Every structure is written in structure tokens, then in C-alpha cells.
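Below: one structure, written as C-alpha cells.
Since the model is a prediction, treat every value here as computed from it, not as a measurement.
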Amino acid sequence: MSEQMKKEPSTISFKIMTAVGTILCLILIPILAINCTLIIKSYTNPDAVPSVGGIFPMIVLSDSMYPEIEGGDLIICHTADAEEVEKGDIISFFDPAGNGTSVVTHRVMKVTKDEDGNLAWVTKGDANNVEDQKVVPADKLVGVYRSRIPGAGNIAMFMQTTKGLVLCVICPIILLVVYDIIRRRIYEKKKQEDTQALMRELEELRKKKE
């Protein structure tokens with residue numbers, strides 16, 4: 001009885017560790033894969049916002065779209081054809097009044113044309129009193145807003161710092177490696193114990209037959 005009770009906690013702890021390790025892998029591996037893909041794309045095509053399968057995250061820095069979107073949120077946008085954009089849609093675009101690299105997310109107030117007769121939009125932040133000064137040409141479109149994760153943008157910005165990189169990326173990787181080493185040792189120890197127990201049983205059977 002005592003031997004059985006001794007084995008049960010070991011088996012339970014092993015299952016718990018395996019479950020925890022599996023959950024960590026399921027969470028961390030996709031995040032690391034997506035981050036690596038976005039980083040590589042940002043270097044290979046610096047003039048475009050990196051995306052995965054036409055989906056890309058954006059960190060919101062201002063409250064110009066409050067209450068729909070707040071500063072510090074992480075928004076998820078999808079790439080789309082300019083012709084699909086309609087009045088009322090929230091779009092992300094390269095700011096025509098900016099430096100060419102800053103991206104703004106505002107609502108389309110009107111579908112119009114620019115001075116060259118090409119498709120464009122009049123945009124406005126929900127919290128702003130006036131419309132944006134310049135119309136947004138269709139070639140400035142980055143994508144269409146779909147959803148948001150409140151406050152996750154602050155976490156994403158923290159992860160871009162040295163401290164955040166260590167805590168959110170390097171430490172979890174180290175934990176996974178340590179976990180795998182411990183799990184393997186526990187498995188090997190249990191395997192040896194099972195083998196020894198089997199050998200003892202065979203020895204007892206042999207003695208009984210004699």
C-alpha cells in the first residue's frame with residue numbers, strides 16, 4: 001500500500017508538469033513564430049506594415065477614436081481592397097499629413113476622390129471635433145479595423161523594451177528548456193523504477209517456482 005501511495009503523487013505531479021509544459025508551448029510557440037515573422041517582414045519590406053495571412057496588429061497611442069478604441073489598446077486589422085472600404089468603416093492608413101511612415105486609425109466619413117480624380121476618403125477620429133485636414137488616397141490604405149484587445153498594446157510596447165524582452169521572451173524560453181530537462185529526468189527515473197519493480201517481481205516468481 002505504501003509503495004502504491006508513493007507512486008501516485010509522482011504520477012500526478014508528472015501529469016501536472018506535462019500539462020503545464022504543453023500549455024506553455026501552445027501559448028509561447030505561436031507568439032514567437034508570429035513575432036519572428038513580423039520582424040523578418042519588417043526588415044525585408046520596410047515600406048509596408050508587416051502582416052501574417054493578411055492580419056496585422058497595431059498599437060494605439062492616442063484616444064482619438066475613444067470610446068470605440070482607446071490608447072494602449074492592441075487592434076487587429078485585415079488587409080483589404082480600397083474598393084471594399086465604405087462609409088463608417090474604421091481604417092488604418094499612412095498619414096498623408098505625416099512623415100510617410102506614421103499610421104493613423106480613423107473612421108471613414110465620406111468616400112470621395114483626390115485632386116487627381118482617384119479614390120480617396122475623408123476621415124475623422126470619433127473623439128475629434130473636426131475631420132482630418134487631408135483626404136486619404138486609396139494607395140495609403142493599410143487595412144480595415146476588425147477587433148481590439150483592451151490594454152494589450154501597453155503589454156506589447158513593454159515587450160519591445162529590453163526588460164520586457166527578457167521577462168516575456170527569454171525567461172519563458174529558459175523555463176521551457178528547464179521544464180523539458182526536469183520532465184525527461186522524471187520520466188527516466190520513473191522508467192527505471194518501473195523496470196526495477198518488474199525485475200523484482202520476476203525474481204520473486206523465479207524464487208517461488210524453485
Side-chain angles (χ1 to χ4, degrees), residues 27 29-165 168-169:
I27 294 173
I29 290 176
I31 291 175
L32 291 175
I34 291 171
N35 283 342
C36 289
T37 302
L38 293 176
I39 290 170
I40 292 170
K41 285 192 173 186
S42 66
Y43 279 104
T44 56
N45 191 4
D47 295 328
V49 175
S51 64
V52 178
I55 301 172
F56 58 92
M58 301 282 288
I59 299 172
V60 180
L61 301 177
S62 74
D63 287 326
S64 63
M65 281 298 295
Y66 181 86
E68 180 78 21
I69 304 170
E70 298 182 36
D73 288 350
L74 183 73
I75 62 173
I76 306 301
C77 300
H78 292 204
T79 55
D81 293 331
E83 290 74 15
E84 297 175 356
V85 176
E86 301 177 349
K87 178 181 177 181
D89 288 343
I90 299 174
I91 61 173
S92 293
F93 54 90
F94 288 108
D95 188 1
N99 56 11
T101 60
S102 60
V103 177
V104 176
T105 301
H106 279 176
R107 191 181 301 278
V108 174
M109 306 303 294
K110 180 181 179 182
V111 179
T112 184
K113 295 184 181 297
D114 60 17
E115 55 189 17
D116 296 323
N118 299 316
L119 177 64
W121 306 285
V122 175
T123 56
K124 174 181 173 295
D126 288 357
N128 295 343
N129 295 323
V130 296
E131 296 174 344
D132 298 333
Q133 291 183 354
K134 292 188 176 182
V135 297
V136 180
D139 60 5
K140 298 291 184 182
L141 177 67
V142 175
V144 179
Y145 164 79
R146 286 291 180 264
S147 60
R148 73 181 180 113
I149 305 175
N154 291 326
I155 299 173
M157 286 190 289
F158 173 71
M159 288 179 66
Q160 294 175 11
T161 65
T162 302
K163 186 177 180 180
L165 183 65
C168 300
V169 179

| task | Enumerate the residue pairs fulfilling salt bridge (Lys or Arg N to Asp or Glu O under 4.0 Å) with a member in residues 149-162, sequence neighbours excluded, ordered by first and then second residue. | result | none
| field | Partners passing side chain to side chain donor-acceptor pair (under 3.5 Å) against S92 (at least two apart in sequence or in another chain) | value | T105
| message | Looking at every heavy atom in both Y145 and S147, which two are closest together, and how far apart are they? | response | CE1-O, 3.1 Å
| Do the side chains of D89 and W121 get nearer than 4.5 Å, heavy atoms only? | no
| field | Results of side chain to side chain contact (heavy atoms under 4.5 Å, CB included) for D126 - residues two or more places apart only | value | M65, E68, R107
| remark: Across all chains, not counting sequence neighbours, the salt bridge (charged side-chain N to carboxylate O under 4.0 Å, His left out) partners of D63 are none
| Who are the side chain to side chain contact (heavy atoms under 4.5 Å, CB included) partners of A80, not counting sequence neighbours? | E84, V144
| field | Sequence-distant partners of T112, side chain to side chain donor-acceptor pair (under 3.5 Å), two or more places apart | value | none
| query | Under the salt bridge (Lys or Arg N to Asp or Glu O under 4.0 Å) rule, what pairs show up with a residue in residues 151-163, not counting sequence neighbours? | reply | none
| Residue pair V136 / H106, side-chain heavy-atom distance below 4.5 Å | no
| message | Tell me the closest heavy-atom pair linking P137 and A120, and the distance in Å. | response | CA-CB, 4.0 Å
| query | Which residues satisfy the side chain to side chain contact (heavy atoms under 4.5 Å, CB included) test with S102, sequence neighbours excluded? | reply | D95, N99
| message | If you compare all heavy atoms of A152 against all heavy atoms of L74, which two are closest, and at what distance to 0.1 Å? | response | CB-CB, 3.7 Å
| query | In Å, rounded to the nearest 0.5 Å, how long is the span from CG of N128 to OG of S62? | reply | 7.5 Å
| task | Name all residues meeting the salt bridge (charged side-chain N to carboxylate O under 4.0 Å, His left out) criterion together with D132; count only those two or more places apart in sequence or in a different chain, and write none if there are none. | result | none
| query | Does any non-hydrogen side-chain atom of V122 lie less than 4.5 Å from one of V108? | reply | no
| task | Please name all residues satisfying side chain to side chain contact (heavy atoms under 4.5 Å, CB included) with K87, sequence neighbours left out, ordered by chain then number. | result | none
| message | Tell me which pairs pass salt bridge (Lys or Arg N to Asp or Glu O under 4.0 Å) where either residue lies in residues 71-82, with sequence neighbours left out. | response | D73-R148
| field | Full working for side chain to side chain contact (heavy atoms under 4.5 Å, CB included) between I55 and I76 | value | CA-CA 7 Å; I55 301 172; I76 306 301; 3.5 Å; yes
| request: Please round to the nearest 0.5 Å and tell me the distance separating atom CZ of F56 and atom CD1 of I75. | output: 7.5 Å
| query | How would you list all residue pairs meeting salt bridge (Lys or Arg N to Asp or Glu O under 4.0 Å) that involve residues 112-125, not counting sequence neighbours? | reply | none
